[in-house]
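To start, the structure itself, in C-alpha cells.
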Amino acid sequence: MQSESDFEVRFSRGEATNSFVAAVALFRMGPAGSPEEYEELIRRSSASDTDPRMPDRYELLEQSIKYSSERAYPCVRYRATSKDRGAKGANGPLLLELDGLYCRHPADESVGVSILYSHRGLTRHAHLKTDADEFIQNVVLHGSE
C-alpha cells in the first residue's frame, strides 16, 4: 500500500528480481471512531492505491487488515501479497509481499504513520514476518509528553 505522504524515509537493498524495502511515511488521515472504522479506513485507502500510469500493474492475491493493540495508540496490522506485473528490470511478474503497521500519530490524530517492510521477488521470502516485525518494533513514535 502506498499513500500519498507528507514525509517518507525509505531504505532498500537488492536487485531487480529480489529486493527489500523498509519505509516509514507520514500522511493525512481521516477520522475513525472504532477499531472497525479504523480497519475500513485503511482498507479503503489500500484499495485506491494504484499506479495511475499502470492501473493493472498489481493483482492482489492476499490481504489482511486487523486492528492491533500492540501500541498505546490506534494501529492496524497490514499484510498483503500481490503479483507485480510492472517491476523495473524484471522479465515477468514478481511477488510483492508487504507487512506493516498503520498507526495514528500519538501527538496528532490527523496524522497517520505507515511502517512498512516489503519483499519483491520470484518467490516468497521465508522470513518476511520476522524481518518485518524486527523493523516495525524498532520504529518508535513519540507523543506530546
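Owing to the predicted nature of the structure, the values given are computational and were not obtained by experimental measurement.
- Proximity of Lys129 to Arg79: side-chain heavy atoms (C-beta onward) are separated by under 4.5 Å at one or more points.
- When hydrophobic residues (I, L, V, M, F, W, Y) are linked wherever their side-chain heavy atoms come within less than 4.5 Å, Val21 remains an isolated member.
- The neighbour count for Glu37 CD, taken as heavy atoms of other residues, nucleotides or ligands under 6.0 Å away, is above 12.
- Across Cys103 and Arg71, no two heavy atoms sit closer than the pair SG-CD, 4.5 Å.
- When the shell of 6.0 Å around CD of Glu59 is examined, it contains more than 12 heavy atoms from other residues, nucleotides or ligands.
- With hydrogens and angles ignored, the 3.5 Å screen pairs a side-chain donor or acceptor of Glu39 with a backbone N or O of Tyr67.
- Between His142 and Pro106 there is no side-chain heavy-atom pair separated by less than 4.5 Å.
- With values rounded to the nearest 0.5 angstrom, Lys83 atom NZ is found 13.0 Å from Leu96 atom CG.
- The heavy-atom pair separating Ser118 from Leu128 by the smallest distance is C-CD1, 4.3 Å.
- Residues satisfying the ring-ring contact (aromatic ring centres under 6.0 Å, His included) test with Phe20, not counting sequence neighbours, are His119, His125.
- In this structure, Tyr38 contributes its side chain and Arg104 its backbone to a donor-acceptor pair below 3.5 Å.
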Walk me through whether Ile65 and Arg77 qualify under side-chain contact (heavy atoms from CB on, under 4.5 Å). CA-CA 6 Å; Ile65 300 171; Arg77 267 292 178 165; over 6 Å; no
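- Of the possible polar contacts, none joining the Ser114 side chain to the Leu116 backbone as a donor-acceptor pair under 3.5 Å is found.
- Counting heavy atoms from C-beta on, the side chains of Leu61 and Leu95 come closer than 4.5 Å.
- The shortest heavy-atom contact between Gly30 and Leu41 is O-CD2, 3.4 Å.
- Side-chain contact check for Tyr117 and Glu97: no donor-acceptor pair (N or O, by modelled atom type) lies under 3.5 Å.
- Two residues are said to be in side-chain contact when any heavy atoms from C-beta on lie closer than 4.5 Å; Val24 and Phe135 meet this criterion.
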Apply side-chain contact (heavy atoms from CB on, under 4.5 Å) to the pair Leu122 and Leu94, showing each step before the final yes or no. CA-CA 5 Å; Leu122 296 170; Leu94 298 177; 3.4 Å; yes
